[in-house]
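In what follows, chains are A, B, ... by sequence order, proteins preceding strands, each numbered from 1.
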There are 2 protein chains.
Amino acid sequence: MEMTQESRRTASERRRRELLEAADRVVLRDGPEASMNAIAAEAGITKPILYRHFGDKGGLYRALAVRHTDALLAGLRAALDSPVPRRDRVEATLDTYLSAIEARPQVYRFLMHPSDEGQTPDSGFDVGRHSAPLLRRMGEELAQVIAERVDLGPVGDELARVWGHGIVGMMHAAGDWWLREQPCSRAQLVQHLADLLWGRLAAAGDRPGGPGF
Amino acid sequence: MEMTQESRRTASERRRRELLEAADRVVLRDGPEASMNAIAAEAGITKPILYRHFGDKGGLYRALAVRHTDALLAGLRAALDSPVPRRDRVEATLDTYLSAIEARPQVYRFLMHPSDEGQTPDSGFDVGRHSAPLLRRMGEELAQVIAERVDLGPVGDELARVWGHGIVGMMHAAGDWWLREQPCSRAQLVQHLADLLWGRLAAAGDRPGGPGF
DNA sequence: AGACTGTTGTTACCGCAAGTAACGCACTGC
DNA sequence: GCAGTGCGTTACTTGCGGTAACAACAGTCT
C-alpha cells in the first residue's frame, strides 16, 4: 500500500470533508446547538478526532460556515454583477438571498445565529479575529461592489461601506421576519424592499387622517 | 416584625428588582455569558433563589432585556413622534439608537446576541413564545408608526411592516459595524443612512471608469 | 529483522455551568 | 406548643466542551 506525502494530504482533506458533511447533516437536523458528541457519532468516530481536525467547536463551525457562506456569496455576486439596470440588479440580489434562506431555513439559522463564539473576555485583543460572520462578509462584499459601480462623490468609499452594511442588514432583518410569518410572496417582498431603497419613503405623502393633527 | 401579605408582595418585588440590578452589573462587566453563579454571588445570595424568581436563565435574561428594551423603545418613540419633518424624525431616530448603543456597548451586545435561547426542539409548539427579541419589537413598533403616519396606498399595512423590519435591520447592522470600527462620526453615519433611505442610491450615477464597460 | 516516528483511533477523565432536591430557619396563625 | 409557608442554604445530577494517556498500525532508517 503506497502512501506518499501527497496522497496522505489528500486523504486527510477527504476525511475533513467527510467530517464536515456529517456535521452538516447533524446541524441540519438538530439546529445550531448540535453537540460535538452528536456530530462525532454521526461521522462514526469520537470527539478527539474532531478536535484534532478543527481545534475547537468554533473551528468546526467556522469551517462549516465558510462552505455555505461561499456558496451563498457566489450566488449573490452573480446577481450583483449581471449587466442589467441597477434596479434589476438590486431585485435579483434580494431575490437570490431570500430564495437561499427560504430553501434551507436550518442552514440559515445556523449561519446567522452562531451562538456568538469567540469573545476572549479577559484580553479582548483579538475580538473578531477570525469570526467574520456572514453578515459582515456580505456587507463588505456589497460595499465593494457599490464603491466600484456607483459614483458617490468624494466620500464615496465611506458611503459605500455604510450602505453595504446597512442594506445587508435590511435584507437580513426583513428576511428573518418574513421567513417566520410568511405575510406575502417572495416577489412582493422583493418589490417592497427595492421600493424602500428607491426612496419611496421620502416620496410618500403624509397620512390624511393622521393622529394628533 | 409585622409582615402582612401586601408588604410581602412589595418586598418580593423589591427583591426582584435588586436581583435584576445585580444581574445588570454582572452582565455589564462580564458580557452576555455571565454565569448564574456569578450573578448570584454579586447579589450576595445563591443560585436557587435566582431560579425561584426567574424560572431559568432565559427568564432572567428576558426580564433583564425588557428593562433595557423598554427604556430604549421609549426613547425611540419620542424621536419618532416629534412634530418635525419626516427626514428630521428619521435622523433623530437613527441618532437616538446609535447614541444608546454607543453609550453602553455591553448592554447592546447582551440585548442583540442573547445566545438565542428558547428553542424547545422536540415539540416546537411555542417557538418564539415570549422571546420577542428587541429587533422584532422595534420592527413592529416602527411598522406601526409608519402605517399611522405615512400614506402608502392600498397595501400600506404590508408595506409598512416590511419597511419597519427592514429599516430596523439596516440601523442595527450599520450600527453594529460602526460600533466595531469607528470609521466616521455618529452624525455622518446618520446622514449616510438617511441618504440611503432617501433614495440616493437610485439617484446616483454610474461610476465613470467602471470595470467591464 | 527491529527500533523510531507519525497518524488514527480509542477510553477515561477534568472543569464548568445549568438546573434541582432536600434540608434548616424564621415567622405567622391556630 | 405546633403545622404551614417563604427565604435561604448545601450538595447533588446531568450534560457539554475540551484534553490526557494510551493502543494499534504504516512506513522509514540502520
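Taking His165(B) as the reference, Trp177(A) meet the ring pair (Phe, Tyr, Trp, His ring centres under 6.0 Å) condition, with sequence neighbours excluded. The salt bridge (Lys or Arg N to Asp or Glu O under 4.0 Å) check on Asp56(A) picks up nothing, with sequence neighbours excluded. Remark: Arg200(A) pairs with Asp195(A) by the salt bridge (Lys or Arg N to Asp or Glu O under 4.0 Å) rule, at least two apart or across chains. Contacts of Asp88(B) classified as salt bridge (Lys or Arg N to Asp or Glu O under 4.0 Å), with partners at least two apart in sequence or in another chain: none.
Ring to ring, Tyr61(A) and Phe54(A) are not that close: their centroids are 6.0 angstrom or more apart.
Between the CG atom of Asp30(B) and the C1' atom of dA17(C) there is a distance of 14 Å, rounded to whole Å. In this structure, Asn37(B) atom CG and dG8(D) atom C1' are separated by 15 Å, rounded to whole Å. Separating the CD1 atom of Ile49(B) from the P atom of dT5(D) is a distance of 20 Å, rounded to the nearest angstrom. One atom, CG of Leu60(A), and another, P of dC16(D), lie 16 Å apart when rounded to the nearest Å. Atom CZ in Arg16(A) sits about 16 Å away from atom C1' in dT8(C), given to the nearest Å. The separation between Ile39(B) atom CD1 and dA18(C) atom P is 8 Å, rounded to whole Å. The CG atom of Leu19(B) sits 12 Å away from the C1' atom of dC7(D) (whole-angstrom rounding). Taking atom CD of Glu33(B) as the reference point, atom P of dA17(C) lies 11 Å away to the nearest angstrom.
Residue-level contact check: Thr46(A) touches the bases, meaning some heavy atom is under 4.0 Å from a base atom.
Listed by first and then second residue, the salt bridge (Lys or Arg N to Asp or Glu O under 4.0 Å) pairs involving residues 91-102 of chain A are Arg87(A)-Glu91(A), Asp95(A)-Arg186(A), Glu102(A)-Arg186(A) (not counting sequence neighbours).
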Protein N or O to nucleotides 20-22 of chain C N or O, pairs below 3.5 Å:
none

